[in-house]
Amino acid sequence: MSLPHAILTALLERPSSGLELTRRFDKSIGYFWSATHQQIYRELGRLEREGLIRSLPTEKPARGRRKEYEVLSAGGEELARWAAEPQDPRTVRDPLLLRLRAAAVVGGVGLEEELSRHLELRRAQLAEYEAIERRDFPPVPDRPREDRLRHIVLRAGIELETFWTTWLTEALDELARPAGEAGAPS
């Protein structure tokens, strides 16, 4: 996924200012695609220059007002093209995994503490996702397709955090086991 497509998605859901987009990223898209305030503003300018979005007209003077943006038809077409484009799965690039591999070579002082810290962060994220699911996706018949798609994305986050909490727990259990003792069968 690319930032321009994330911004187009967010603006199609609701026209917004750059500040509003940043806040919305923090509460939704940012769970799986993060961006800084500066990156969002830079991308808004580029999307506007490319004719994919425009700033909405306003009666207030330009100085001191927030520009609100909306997606133009070319932007909607670009997003539809991109959404339909095949893409292969990406390799997981998590620094924690690389750090564990490095620790196998150079030693891992403090590794258990870092794994425990990650476990707590993952548990907190899982709890947040589950709270969002309870709040925003109660079981209802005939949910619109758009809501089902949003729920599918949330379920991916829940499943990923479930994986990480399970994996981190098992990793900590493995590292706590004395050398030479057989681990639990996989």
Calculate, to the nearest 0.5 Å, the distance between atoms CZ and NZ belonging to Arg54 and Lys67 respectively. 12.5 Å

For Glu48 and Ser55, indicate whether the former's side chain and the latter's backbone hold a donor-acceptor pair under 3.5 Å. yes

Within the structure provided, determine whether Arg14 and Glu20 are in side-chain contact (heavy-atom separation under 4.5 Å). no

Do Arg81 and Glu77 pass the salt bridge (Lys or Arg N to Asp or Glu O under 4.0 Å) test, and can you show the C-alpha distance, the side-chain angles, and the key distance before you say yes or no? CA-CA 6 Å; Arg81 181 207 59 75; Glu77 291 166 10; over 6 Å; no

Give, for atom CG of Leu21 and atom CD of Gln39, the distance between the pair rounded to the nearest 0.5 Å. 13.0 Å

How far does CG of Leu126 sit from OG1 of Thr162, to the nearest 0.5 angstrom? 4.5 Å

Over all heavy atoms of both residues, which pair between Glu43 and Pro4 is shortest? Give the atoms and the distance, please. OE2-CG, 3.2 Å

Could you give me the CA-CA distance, side-chain angles and deciding distance for Leu79 and His5, then say whether side-chain contact (heavy atoms from CB on, under 4.5 Å) is met? CA-CA 6 Å; Leu79 187 59; His5 297 103; 3.9 Å; yes

Could you tell me whether the side chain of Leu3 reaches within less than 4.5 Å of the side chain of Phe25, counting heavy atoms only? yes

Rounded to the nearest 0.5 angstrom, the CG-CG distance for Leu8 and Leu12 is 6.5 Å

Taking the side chain as every heavy atom from C-beta outward, state whether Tyr41 and Leu19 have any pair of such atoms under 4.5 Å apart. yes

Do other residues, nucleotides or ligands put more than 12 heavy atoms under 6.0 Å from Arg135 CZ? yes

Could you grab the distance from atom CG of Leu97 to atom OG1 of Thr91, nearest 0.5 Å is fine? 11.5 Å

When the ring planes of Trp164 and Trp167 are compared, do they come out parallel, tilted or perpendicular, using 30° and 60° as the limits? perpendicular

Could you walk me through whether Thr169 and Arg123 pass side-chain contact (heavy atoms from CB on, under 4.5 Å), step by step? CA-CA 11 Å; Thr169 300; Arg123 283 179 176 156; 3.8 Å; yes

Closest non-hydrogen atom pair, Glu112 against Leu175: OE2-CB, 3.6 Å

Is Val71 close to Glu78 at the side-chain level, that is, under 4.5 Å between some pair of heavy atoms? no

Please report the C-alpha distance between Arg46 and Arg42 in whole Å, then the side-chain angles of each, then the deciding distance to 0.1 Å, and finally whether the side-chain contact (heavy atoms from CB on, under 4.5 Å) criterion is met. CA-CA 6 Å; Arg46 191 179 70 74; Arg42 187 171 39 244; over 6 Å; no

Taking the side chain as C-beta and beyond, is there a heavy-atom pair between Ile53 and Leu72 under 4.5 Å? no

Does the pair Glu159 and Arg155 meet the rule for a salt bridge (Lys or Arg N to Asp or Glu O under 4.0 Å), with working shown? CA-CA 6 Å; Glu159 295 300 324; Arg155 288 298 313 161; 2.6 Å; yes

Any side-chain heavy atom of Glu170 sitting closer than 4.5 Å to one from Leu168? no

Exercise: identify the closest heavy-atom pair between Glu68 and Pro15: OE1-O, 4.2 Å

Do you know which two heavy atoms are closest between Ala74 and Gly51, and how far apart they sit? CB-O, 3.7 Å

Rounded to the nearest 0.5 Å, what's the gap from CZ on Arg23 to OG on Ser16? Could you check? 11.0 Å

So Asp136 and Leu154, do their side chains get closer than 4.5 Å, heavy atoms only? no

Can Leu96 be reached from Leu160 by stepping across I, L, V, M, F, W or Y side chains whose heavy atoms are under 4.5 Å apart? no

Would you say Gln125 and Leu121 make side-chain contact, with heavy atoms under 4.5 Å? no

Count I, L, V, M, F, W, Y as connected when their side-chain heavy atoms are under 4.5 Å apart, and connections chain through other members. Are Leu149 and Ile29 then in the same cluster? no

So which atom in Ile40 and which in Ala35 form the shortest heavy-atom distance, rounded to 0.1 Å? CG1-CB, 3.9 Å

So, applying salt bridge (charged side-chain N to carboxylate O under 4.0 Å, His left out) with Asp94, which one of Arg101, Arg122, Arg99 is it? Arg122

